[in-house]
Amino acid sequence: MLDLKQIRREPEIVKAALSRRDPALAEEVDGILALDSEWRAATTSAESLRAAQKEASERVAAGKRAGADVGEELARLKETSARVKTLAEQAARAEQQLQDRLARLPNLPDPTAADGPEDELVRTVGEPRELGFPARDHLELAGPRIDMDAGAKLSGTRFAYLKGELVRLELALVSYAIDTLSTHGFTPVIPPVLVRERALYGTGFLPDTEQQIYRLADDDLYLIGTSEVALASLHDGEVIEPQRLPLRYAGYSPCFRREAGAAGKDTRGIFRVHQFEKVEMLSFVAPTDSAAEHERILGIEEQILTELAIPYRVVNIAVSDLGSSAAKKYDCEAWLPSQERYRELTSCSNTTDYQARRLSIRTRRDDGPGRGQTEPVHTLNGTAVAVGRTMIALLENGQQEDGSVTLPECLAPFGAPRRLAPAGR
RNA sequence: GGAGAGGUGCCGGAGCGGUUGAACGGGCGCGACUGGAAAUCGCGUAACGGGGGUCAACCUCGUUCGAGGGUUCGAAUCCCUCCCUCUCCGCCA
């Protein structure tokens, strides 16, 4: 949610910023401003009449106590009451419309977010290995340890069974990620994965990406597509005193995505599936600190990729591709030998005050003008390890000519095998 | 799932339908007293929204007693729906 006061104060700046995403948004801002003045006019008249009503009401109460006849005043008040009701309804309707439109505006892009239309390459790290033999993809390397047929039979397309050593590898990746994040000050969290609408609205996934989200029809609950939803909601409605910031959480959860509209895309293997495990970072920081925190989170993602010996590159996502809540986003893309290109593995976003305003998560300004006043915190999120895709990258980059896979040393202490045997036929 | 109890400010805890934004107590902050402290006394102690303002301080109006509706001139107080907490029974990893 954008700050309505900012839209009033500097509409041209807001329009210019939103136009970077989509020129049509500037008009939307004008529409919102018109609704805003309508709402404020209605509110002012409703409230001043209500003030008069309250005052008269007190006179009635005083008169009754004194034993006076208040019949006439009561009749007048009855009429006032009806008018107040009408005016209040008008104001409420205007406010509802305003809020609905406002809620659909995406976040203002950060000035340093890439202009697009292409993402901007930030850096490339690590050299793709010269294999010297034809690359196998992750399904060939995994063999029966990834069972797509059984997954499809059980649950449909884009579901998989993971078996044997790959389960050990998955658990090790998760432990390794949690361990690494702990050293960076992130508190491990296992959140609920079924949430109410508010959590999705608050994080900006609704009304924006409705078609991506699984809903339980009978219970008014949704399956989260990322633990970001649950973690950002952890402080829903709170005022966090500035000395408690930053607050950092490492969420571990399964993630569920409908992948509607992705038909025919990445259909092979577990690159794009309806359910996967992920360890996610989420930070709540003072507004002045979010840019630095964003780089910090990116740094942790890069540390993990480096330790896992996965060649990758970092891109600054083009404004037109930003999700509605992000002001700026980096993706880390891993080299996949079988596709001979870089594919998205992790991602981190600075959502500034967009989610915090919707979820009413505030802190207090601790100096300067307006000291002691509450203002929304900034929230940021980033992938530590998206297990399925990380596994793909490990398999493909660690593959040997005989079809075996060498796995990185850093996972061994967490129970991962050092080597995967070639897939049996 | 069945039966019952309950949700009030930072906390505890009152509250005949009418000066209750909310008694009383505690906590916290400031001040007085003190060499300093304790004790004591005094003052203060919300969020959100509208309007005004030298757009800071501040002033003013409104909303908020789990949430949303309703009754009423007037609701923390009455009615309905939902959410949450606790106790007992049932079921269960």
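Worth saying up front: this structure is predicted, and the values here are computed from it rather than measured. First the proteins, then the strands, lettered A, B, ... as listed; each starts at 1.
Rounded to whole Å, the P atom of G74(B) lies 32 Å from the corresponding atom of C11(B). Nucleotides A46(B) and C10(B) have their P atoms positioned 9 Å apart, rounded to a whole Å. C79(B) and U72(B) have their P atoms separated by 16 Å, with the value rounded to a whole Å. The C1' atoms of G53(B) and C41(B) are separated by 38 Å, rounded to the nearest whole Å. Annotation: C86(B) and C30(B) have their P atoms spaced 37 Å apart (nearest Å). When the C1' atom is used for both G21(B) and C61(B), the distance is 15 Å, rounded to whole Å. Taking the C1' atoms as reference points, G44(B) lies 25 Å from G49(B), given to the whole Å. Here, A23(B) and G15(B) have their C1' atoms 8 Å apart, quoted to the whole Å.
With values rounded to the nearest 0.5 angstrom, S227(A) atom OG is found 11.0 Å from L234(A) atom CG. Note that the CG atom of L231(A) and the OG1 atom of T203(A) stand 10.5 Å from one another [nearest 0.5 Å].
The backbone N or O of F271(A) sits less than 3.5 Å from a side-chain atom of R389(A), completing a donor-acceptor pair. The backbone N or O of T112(A) lies less than 3.5 Å from a partner atom in the side chain of N316(A), making a donor-acceptor pair.
Within 4.0 Å of R76(A), counting heavy atoms only, lies no atom of the nucleic acid at all. Within the 4.0 angstrom heavy-atom criterion, only backbone atoms of the sugar-phosphate kind lie near Q373(A); the bases stay farther away. Contact annotation for R9(A): no contact, since no heavy-atom pair falls under 4.0 Å across all strands. Nucleic acid contact for R8(A): sugar-phosphate only, since backbone atoms but no base atoms lie under 4.0 Å from a heavy atom of the residue. Here S57(A) lies in heavy-atom contact (under 4.0 Å) with a base. Residue contacts shown for E95(A) are absent, as no nucleic acid heavy atom lies under 4.0 Å away.
First and last contacting nucleotides of RNA chain B toward chain A (any atom under 4.0 angstrom from a heavy atom, 5' to 3' order): G18(B) to C84(B).
Aromatic rings of F256(A) and H274(A) (six-membered ring for Trp) have centroids beyond the 6.0 Å cut-off, not under it.
In summary, of the residues considered (I361(A), L245(A), T352(A)), a side chain to side chain contact (heavy atoms under 4.5 Å, CB included) with H378(A) occurs for T352(A) alone.
For Q211(A), the CD atom counts as densely surrounded, since its 6.0 Å shell holds more than 12 non-hydrogen atoms of other residues, nucleotides or ligands.
Comparing Q53(A) and E58(A) along RNA chain B, the residue whose closest nucleotide (by nearest heavy atom) sits nearer the 5' end is E58(A).
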Seminar exercise, completed: Taking Watson-Crick and G-U wobble contacts under 3.5 angstrom, with | marking pairs to another strand and [ ] crossing pairs, the secondary structure of RNA chain B is written ((((((((.[[[..)..(.....]]]((((((.......))))))(((((((.....))))))).[[[[[..)....]]]]])))))))....
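By the 6.0 Å and 45° rule, R358(A) stacks over the aromatic ring of Y201(A).
Ion pairing between D36(A) and R40(A) holds under the 4.0 Å rule for side-chain N and carboxylate O.
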